[in-house]
Amino acid sequence: QVQLVESGGGLVQAGGSLRLSCADSGRTFSSYAMGWFRQAPGKEREFVAAISRYGVNTYYADSVKGRFTISRDSAKNTVYLQMNSLKPEDTAVYYCAESTSLYYTGSYYPEDFRSWGRGTQVTVSS
């Protein structure tokens with residue numbers, strides 16, 4: 001069973017960087033694609049990035065393309081989100097989740113993901 005725990009959030013100034021981690025505390029690392037989403041107060045949860053089951057393909061929202069990098073380390077049962085050049089509009093709670101399909105093809109919809117973690121807060125000050 002997949003049990004995801006996010007960490008690495010915090011307060012950072014605009015232009016700064018953070019690296020988020022998503023650890024799978026279950027018995028086996030997910031063999032599915034993994035995704036990061038975020039949710040700001042009063043807004044819907046939105047897709048940020050995803051990585052295929054073997055890490056070959058990555059997918060990004062236009063708003064973070066070129067600034068964020070998703071990666072996964074199966075040996076450490078962990079998925080990462082490196083966030084550079086952060087902006088105040090990146091402020092949100094960030095969640096990781098597992099794709100519901102073995103054949104993930106880049107869906108941006110939260111309903112196509114499961115086993116959500118509790119999230120980690122990222123705050124970017126101007």
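- In the hydrophobic clustering of ILVMFWY residues, with side-chain heavy atoms under 4.5 Å counting as a link, Met83 and Val64 come out together.
- Proximity of a side-chain donor or acceptor of Thr123 to a complementary backbone N or O of Leu11 within less than 3.5 Å is not detected.
- A side-chain donor from one of Ser17 and Asn84 sits under 3.5 Å from a side-chain acceptor of the other.
- Ring pair Phe37/Trp116: centre-to-centre distance below 6.0 Å.
- Between the side chain of Tyr108 and the backbone N or O of Tyr60, at least one donor-acceptor pair lies under 3.5 Å.
- At least one donor-acceptor pair under 3.5 Å links the side chain of Ser52 to the backbone N or O of Asn57.
- Under a hydrophobic clustering in which Ile, Leu, Val, Met, Phe, Trp and Tyr are joined whenever their side-chain heavy atoms come within less than 4.5 Å, directly or via other members, Tyr95 and Leu86 fall into different clusters.
- With hydrogens and angles disregarded, a donor-acceptor distance shorter than 3.5 Å links the side chain of Thr78 to the backbone of Lys76.
- Results of the side-chain contact (heavy atoms from CB on, under 4.5 Å) test with Val48 over Ile70, Asp90, Leu20, Leu81 single out Leu81 as the only residue that passes.
- A distance-only check finds a donor-acceptor pair linking the side chain of Glu6 to the backbone of Arg118 [under 3.5 Å].
- Remark: the backbone N or O of Ser31 is paired with a side-chain donor or acceptor of Arg53 at under 3.5 angstrom.
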Inset, instruction - Might you work through the side-chain contact (heavy atoms from CB on, under 4.5 Å) test for Gln121 and Thr91, ending with a clear yes or no? - result: CA-CA 8 Å; Gln121 176 71 48; Thr91 295; 4.1 Å; yes
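- Ring to ring, Phe47 and Tyr109 are not that close: their centroids are 6.0 angstrom or more apart.
- Atom CZ in Phe68 sits 9.0 Å away from atom CG in Leu18 (nearest 0.5 Å).
- At least one donor-acceptor pair closer than 3.5 Å links the side chain of Thr100 to the backbone N or O of Asp112.
- Judged by the 6.0 Å distance and 45° axis criteria, Arg19 is positioned over the aromatic ring of Tyr80.
- Cation-pi geometry between Arg114 and Tyr32 is met: the NZ or CZ atom falls under 6.0 Å from the ring centre, inside 45° of the normal.
- Residues Tyr104 and Leu4 do not share a hydrophobic cluster, defined by chaining ILVMFWY side chains whose heavy atoms lie under 4.5 Å apart.
- Put simply, Tyr59 and Trp36 are part of two different groups of oily side chains (I, L, V, M, F, W, Y) that touch within less than 4.5 Å, one to the next.
- By the 4.5 Å heavy-atom criterion applied to side chains, Glu46 and Gln39 are not counted as neighbours.
- Closest of all the heavy-atom pairs between Ala33 and Arg72 is CA-NH1, 4.0 Å.
- With hydrogens and angles ignored, the 3.5 Å screen pairs no side-chain donor or acceptor of Arg38 with any backbone N or O of Val93.
- Here the shortest heavy-atom pairing between Ala40 and Ala92 reads N-CB, 3.8 Å.
- Counting heavy atoms of neighbouring residues, nucleotides and ligands inside a 6.0 Å radius, atom NZ of Lys65 exceeds 12 of them.
- Side-chain atoms of Asp24 never come within 3.5 Å of backbone atoms of Asn77 as a donor-acceptor pair (strictly under, hydrogens ignored).
- Surrounding CD of Glu44 are at most 12 heavy atoms belonging to other residues, nucleotides or ligands under 6.0 Å away.
- In terms of hydrophobic clustering, with Ile, Leu, Val, Met, Phe, Trp and Tyr side chains grouped at heavy-atom distances under 4.5 Å, Ile51 and Tyr94 are assigned to a common cluster.
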